[in-house]
Amino acid sequence: MSAADESAGGATATEVVKPKIGDYRRHLLICTGPRCSADGESQVLFDSLGDKFKAAGLNAGDLRVKRSRVGCFAACKGGPIVCVQPDGTWYYNVTPENMDRIIDEHLCNGRRVDDLVFHQAGE
């Protein structure tokens, strides 16, 4: 088939498979960019979440939380930075201890940890 035939729609398109994601209540986005926190601290935090979510019952069921790494939020101070969606809550200084508070108060019980919030969408 010639290039002209392909541009005229003669080529058979490859079928794109629709992806699937299991149900979840919240999506935790963690900036793991190099300017957000020193010495890979954000990546260590991200890596710890599997066990923390499992211990809190957030790895399955109605409260399931999905987690993703983000390369940069363009909020390069006070890291690690974490955003909870769809709530639109942005946390800073998310140390392992502060992450435990966010898990217990926000993700399990629906109450923001106000002293760690630096931005709340819609306010």
Side-chain angles (χ1 to χ4, degrees):
M1 183 177 298
S2 72
D5 289 337
E6 287 182 28
S7 66
T12 304
T14 303
E15 181 180 344
V16 177
V17 177
K18 184 177 182 179
K20 295 179 185 178
I21 295 177
D23 289 340
Y24 59 91
R25 169 153 306 177
R26 291 187 174 94
H27 191 172
L28 201 72
L29 306 170
I30 300 146
C31 182
T32 57
R35 297 184 309 184
C36 189
S37 61
D39 301 323
E41 185 180 6
S42 295
Q43 182 62 51
V44 171
L45 179 69
F46 180 85
D47 292 342
S48 74
L49 290 177
D51 289 337
K52 287 179 182 279
F53 285 0
K54 189 172 185 178
L58 298 174
N59 62 318
D62 291 341
L63 293 178
R64 180 174 175 250
V65 176
K66 180 173 175 43
R67 65 187 167 124
S68 296
R69 285 180 288 255
V70 177
C72 184
F73 281 135
C76 301
K77 294 180 180 153
I81 302 289
V82 170
C83 180
V84 179
Q85 292 295 351
D87 304 7
T89 305
W90 294 72
Y91 290 109
Y92 75 107
N93 188 32
V94 184
T95 63
E97 296 77 20
N98 286 341
M99 187 72 242
D100 290 341
R101 291 178 59 206
I102 293 165
I103 288 170
D104 179 52
E105 295 176 38
H106 190 149
L107 302 180
C108 290
N109 293 300
R111 296 183 312 266
R112 320 188 290 210
V113 184
D114 286 330
D115 62 303
L116 300 176
V117 173
F118 74 94
H119 179 75
Q120 179 62 55
E123 290 184 2

Using a 3.5 Å cut-off and no angle test, enumerate the donor-acceptor pairs between side-chain atoms of residues 116-123 and protein atoms at least two apart in sequence or in another chain.
from	atom 1	to	atom 2	distance (Å)
Gln120	OE1	Thr89	OG1	2.7
Gln120	OE1	Arg112	NH1	3.2
Gln120	NE2	Asp87	O	2.7
Gln120	NE2	Gly88	O	3.4
Glu123	OE1	Arg112	NH1	3.4
Glu123	OE2	Arg112	NH1	3.1

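- Grouped with Ile21 in one hydrophobic cluster are Tyr24, the linkage being side-chain heavy-atom contacts under 4.5 Å among Ile, Leu, Val, Met, Phe, Trp and Tyr residues.
- For residues 57-73, the pairs satisfying side chain to side chain donor-acceptor pair (under 3.5 Å) are His27-Ser68, with sequence neighbours left out.
- Note on Val84: it does not cluster hydrophobically with Leu29, by side-chain heavy-atom contacts below 4.5 Å among ILVMFWY residues.
- With a 4.5 Å cut-off on side-chain heavy atoms, Asn109 and Asp104 count as touching.
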Check against side chain to side chain contact (heavy atoms under 4.5 Å, CB included), Val82 and Leu28: CA-CA 7 Å; Val82 170; Leu28 201 72; 3.3 Å; yes
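- For the pair Met99/Ile30, no side-chain contact is recorded, criterion being any heavy-atom separation below 4.5 Å from C-beta on.
- For the side chain to side chain donor-acceptor pair (under 3.5 Å) test, residues two or more places apart in sequence or in another chain that qualify with Ser42 are Ser37.
- The salt bridge (Lys or Arg N to Asp or Glu O under 4.0 Å) test applied to Asp115 returns Arg101, not counting sequence neighbours.
- Taking every heavy atom of both residues into account, Cys83 and Phe73 meet most closely at CB-CZ, 4.0 Å.
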Pairs of donor and acceptor atoms involving the side chains of residues 44-58, under 3.5 Å and at least two apart or interchain, shall be tabulated with distances.
from	atom 1	to	atom 2	distance (Å)
Asp47	OD1	Gln43	NE2	2.7
Ser48	OG	Leu45	O	2.7
Lys52	NZ	Asp100	OD1	2.5

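- Other residues, nucleotides and ligands place no more than 12 heavy atoms under 6.0 Å from the CG atom of Asp39.
- A donor-acceptor pair under 3.5 Å links the side-chain atoms of Tyr91 to the main chain of Val113, judged by distance alone.
- Of all the heavy atoms in Arg25 and Pro86, the pair that sits closest is O-CD, 3.6 Å.
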